[in-house]
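See structure below.
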Amino acid sequence: MPEIIPAEALDLSRYLKRGDAIVFGQACGEPVTLVEALAEQGAAIGDLSAFIATSFSGAFKPEQADAFRLSSMGAIGALRSMAKAQALSVIPCHVGQINSFIDEGLIGCDVAMVQVSPADASGHHSLGLIADHTAAAIAKARVVIAEVNERVPFSHGETVPADAFDVLVPTNREPVEVQPVTIGDTDRAIARHCAEFIGDGCVIQTGVGSVPDAILQLLGDRRDLGVHSGMLGDALVDLVEAGVITNARKEIDAGVSVNGALIGTQRLYDWAHDNPAIAMRAATYTHDAGVLAQLSRLVSLNSAVEVDVTGQANAEMAGGSYVGGTGGQVDYVRAGARSKGGHSIIALPSTARGGSLSRIVAQLSGPVTTARSEVDIIATEYGAAQLRGRSLADRAQALVAIAHPDFREELDRTAHTIRKQGY
Ligand SMILES: CC(=O)SCCNC(=O)CCNC(=O)[C@H](O)C(C)(C)COP(=O)(O)OP(=O)(O)OC[C@H]1O[C@@H](n2cnc3c(N)ncnc32)[C@H](O)[C@@H]1OP(=O)(O)O
């Protein structure tokens, strides 16, 4: 059975060895107490590395480099400042690959540091706010240290018996919260175009960012929406309470919202506690192509930093620095586009930096996150361009039409070149 150690008495040198690789539970399931302990004690253990897929806590700081070297699948959330300070390495991968990367040792996992709920009467802890690759890390690690946080909900889906842990650290701190974004006029206009593709009975997935959040807020008059997603925020509670999300028409998991990460406020976490209407599942289920293929009318809603006139989407870098990541975008773009009656939408404002930069561009300034061969619909506040099955020349024309008017003339020159080449 695991040792139970108060946070202030936790001596990591008893469990970790020089050179160990750590995987942290991510997003709002981040075990902040353990991150802080590693930051304080890691340098004395020596040569440690750590992986976290996303972080919203602000607990990672560039000056912790002596304690451990940090890597991620991008720089989502608070990791942006780590990337800016050149204190983060990036492993390009889809969320759907992380479980196998851990299992195969491509992402080192000698030690898993996770946050779980208190145990139920049978001695099982729930993975609480994050289920995506948490169980994979627990299964792989030589040492498993869990922050058992009284404020973490006992969510249904993935549970772990207490004897899977070596050390339990009880806490009662507020879990990491992410406030719903403030929706502006541009977001609302983008969301209106996207909402046209989401009819009654659709199953929705959302990625990170203000635009997916805005879209959810416009769905109040739909019926029987379903959820199968890698992440969801407080909008889930609003839509369930309004009777919009019922999951009644889903071919699998009828009546249940399937999700990998709860990223929101305590209101969401309280709602998820012991609630059979939601199942937190690993990415081997939420992002698996075979599972997703069973869902019809799946509409995936993701965002990007910029999209070029042929439909290639960069969701990772802006201005030469990492601001986003691959995440589950490609897993769900593929799934949405292939689902019967479904769609994948990448929605973004037409400009950045106060309107001075177009986000529909002639050439990307960063990597291709989603290939043009995978892209289905791109939406801005000026409309939605349906690209699937269309030629490069037609795509360019459709994308120029949804660019900000100030940049259309310039972009049209590139579109004209593509047309002249006969593509
Ligand atoms: C828990 C999980 O597993 S996550 C799974 C889901 N994963 C994903 O969805 C990953 C892919 N997506 C993303 O990372 C995000 O949706 C993003 C980065 C594409 C968009 O996120 P948002 O928070 O809406 O970012 P936003 O559009 O505000 O841009 C971020 C910054 O880059 C800047 N920026 C954006 N586009 C550009 C551009 N084309 N040129 C220059 N700067 C730009 C913005 O101005 C902003 O800077 P600021 O913070 O200084 O104002």
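Keep in mind the model is a prediction, meaning the values are calculated, not measured. When a ligand or atom number is given, it counts from 1 through the structure's own listing order. Side chains included, hydrogens not; waters and symmetry mates left out as well; all remaining heavy atoms used. All residue numbers in this chain count up from 1 along the given sequence.
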Side chains of [X] and [Y], donor plus acceptor under 3.5 Å:
| X | Y | answer |
| --- | --- | --- |
| T134 | E158 | no |
| T369 | Q329 | no |
| D331 | H94 | no |

Considering A304, A261, G327, which one's heavy-atom position lies nearest to atom 7 (N) of ligand 1? G327

For atom 34 (N) of ligand 1, which candidate among A318, A315, S210, G366 holds the nearest heavy atom? A318

Distance to 0.1 Å, residue and atom name: give those for the protein heavy atom nearest to [atom].
| atom | answer |
| --- | --- |
| atom 49 (O) of ligand 1 | R80 NH1, 3.7 Å |
| atom 50 (O) of ligand 1 | R353 NH2, 4.2 Å |
| atom 40 (N) of ligand 1 | L357 CD1, 3.5 Å |
| atom 18 (C) of ligand 1 | G324 CA, 3.6 Å |
| atom 39 (N) of ligand 1 | V305 O, 3.4 Å |

Heavy-atom contacts under 4.0 Å between [X] and ligand 1: side chain, backbone, both, or neither?
| X | answer |
| --- | --- |
| E316 | neither |
| K84 | neither |
| V208 | both |
| P212 | neither |
| T326 | backbone |

Check: [Y] main-chain N/O paired with [X] side-chain donor or acceptor under 3.5 Å:
| X | Y | value |
| --- | --- | --- |
| T351 | S356 | no |
| R297 | G201 | yes |
| Q41 | L12 | yes |

Run the contact test for I263 against ligand 1 with a 4.0 Å cut-off on heavy atoms, strictly below, and give the result. yes

Can an N or O of R359 be found at a distance shorter than 3.5 Å from an N or O of ligand 1? yes

Do any N/O atoms on G325 end up under 3.5 angstrom from N/O atoms on ligand 1? yes

State, to 0.1 Å, how close [X] and [Y] come at their nearest heavy-atom pair, and which atoms those are.
| X | Y | result |
| --- | --- | --- |
| S344 | S300 | CB-OG, 3.1 Å |
| P31 | G25 | CD-O, 3.5 Å |
| S350 | E381 | OG-OE2, 2.7 Å |
| I102 | H133 | CD1-CD2, 3.8 Å |

Suppose I only count heavy atoms of [X] and a 4.0 Å limit; which atoms of ligand 1 are within that range?
| X | result |
| --- | --- |
| S303 | 16 (O), 19 (C) |
| A352 | 36 (N), 37 (C), 38 (C), 43 (C) |
| G328 | 5 (C), 6 (C), 7 (N) |
| V95 | 3 (O) |
| M73 | 3 (O) |

Taking CD in E63 as the centre, count heavy atoms belonging to other residues, nucleotides or ligands within less than 6.0 Å. Is the count above 12? yes

Kindly indicate whether [atom] is approached by any protein heavy atom to under 4.0 angstrom.
| atom | result |
| --- | --- |
| atom 14 (O) of ligand 1 | yes |
| atom 46 (C) of ligand 1 | no |
| atom 4 (S) of ligand 1 | yes |

Side chain to side chain donor-acceptor pair (under 3.5 Å) contacts touching residues 224-249 (sequence neighbours left out): D224-T246, D224-R249, D234-T265, D238-R267, N247-K250, N247-S257

Using the ring centroid of each side chain, check whether F60 and F24 are separated by less than 6.0 Å. yes

Any carboxylate oxygen within less than 4.0 angstrom of a Lys/Arg side-chain nitrogen, looking at E36 and R173? yes

